[in-house]
Amino acid sequence: MSIQSSHIFVNLPVKNLEKSVSFFKQLGFEFENNMTNDDGAALIIGPTSYVMLLTEAYFKGFTKKEIADTSSQREVILTISAPSKEKVDELISLALTAGAQLANENVNDEFMYYGSFIDLDGHMWEVLYMQEM
């Protein structure tokens, strides 16, 4: 039997927690107040999916390695789903208006449509609409 987790918490270092929280609120995301303090904020992605935005100092307490330099390295690509192509475009547009950079041009193939942006801390996000099979 395979392991199946009930929740996922992705931890990302951020340079300025307040600015990062404001950025994601502008995109329409909410935060779990019970898991948010001066060191980190729990960005709600879905019912059991969170991205923990952690100050760099707090993040460093969990690893012996250096934090990736997102200006020249890609540590991860976070992909979230959207219910339609229009919602993909809407979220990318909101991100760009809030200060993100466009990562790549949108891709539209037979089964998927997605776009991508780089957030304020250099983390790459994809927004994906996939037709049901």
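For clarity, every value in this text was computed on a predicted model and none was experimentally measured. Residue numbers run from 1 in the order of the sequence given.
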Could you check if a side-chain atom of Tyr50 sits within less than 4.5 angstrom of a side-chain atom of Ile44, using non-hydrogen atoms only? yes
Would Tyr114 and Asn104 count as a side-chain hydrogen bond (donor to acceptor under 3.5 Å, both in side chains) if you check the C-alpha gap in whole Å, the side-chain angles of each, and the deciding distance to 0.1 Å? CA-CA 10 Å; Tyr114 62 95; Asn104 296 304; over 6 Å; no
Please evaluate residues Glu126 and Leu128 with respect to the criterion side chain to side chain contact (heavy atoms under 4.5 Å, CB included), reporting the C-alpha separation (whole Å), side-chain torsions for both, the decisive distance (0.1 Å), and the verdict. CA-CA 6 Å; Glu126 288 183 337; Leu128 167 73; 5.7 Å; no
Please work out whether the ring planes of His7 and Phe9 are parallel, tilted or perpendicular, with thresholds of 30° and 60°. parallel
Treating Ile, Leu, Val, Met, Phe, Trp and Tyr as nodes and any side-chain heavy-atom pair under 4.5 angstrom as an edge, say whether Tyr58 and Leu120 lie in one connected cluster. no
Cluster overlap Ile118 with Ile77, hydrophobic side-chain contacts below 4.5 Å: yes
Give me the one residue out of Val10, Thr36, Val14, Asn11 that meets side-chain contact (heavy atoms from CB on, under 4.5 Å) with Leu53. Val14
Side-chain donor/acceptor of Gln73 to backbone N/O of Asp69, under 3.5 Å: yes
Count I, L, V, M, F, W, Y as connected when their side-chain heavy atoms are under 4.5 Å apart, and connections chain through other members. Are Met124 and Ile80 then in the same cluster? no
More than 12 heavy atoms of other residues, nucleotides or ligands under 6.0 Å from CG of Asp109: yes or no? yes
Nearest heavy-atom pair of Tyr129 and Pro83: which atoms, and what distance? CE1-O, 3.3 Å
Run the side chain to side chain contact (heavy atoms under 4.5 Å, CB included) check on Gln26 and Leu94 step by step: do they pass? CA-CA 7 Å; Gln26 289 179 63; Leu94 286 169; over 6 Å; no
When rounded to the nearest 0.5 angstrom, what is the spacing between CG in Leu17 and OG in Ser22? 11.0 Å
Check whether any side-chain heavy atom of Phe31 sits under 4.5 Å from a side-chain heavy atom of Lys25, and report yes or no. yes
Classify the ring geometry of Trp125 against Phe24: parallel below 30°, tilted from 30° to 60°, perpendicular beyond 60°. tilted
Side chain to side chain, Val107 and Met112, heavy atoms closer than 4.5 Å: no
Is there a path from Val88 to Leu102 through hydrophobic residues (I, L, V, M, F, W, Y) whose side chains come within less than 4.5 Å of each other? yes
Rounded distance (nearest 0.5 Å) linking atom OG1 of Thr55 with atom CG of Asn37: 8.5 Å
Say whether, by atom type as modelled, one donor and one acceptor occur between the side chain of Ser49 and the main chain of Ile8 under 3.5 angstrom. no
Minimal non-hydrogen separation, Pro13 against Ile67, with atom names: CG-CG2, 3.7 Å
Just verifying a value: how many Å separate Leu12 CG and Leu54 CG, rounded to the nearest 0.5 Å? 8.0 Å
Is there a path from Val76 to Val127 through hydrophobic residues (I, L, V, M, F, W, Y) whose side chains come within less than 4.5 Å of each other? yes
Student check: side-chain heavy atoms of His123 and Glu75 closer than 4.5 Å: yes
How about Phe59 and Asp39: do any of their side-chain heavy atoms sit closer than 4.5 Å? no
From Gln101 atom CD to Asp119 atom CG, the distance as rounded to the nearest 0.5 Å: 10.0 Å
OG-CG distance between Ser71 and Asp121, expressed to the nearest 0.5 angstrom: 11.5 Å
Interatomic distance, Ser116 atom OG to Leu78 atom CG [nearest 0.5 angstrom]: 12.0 Å
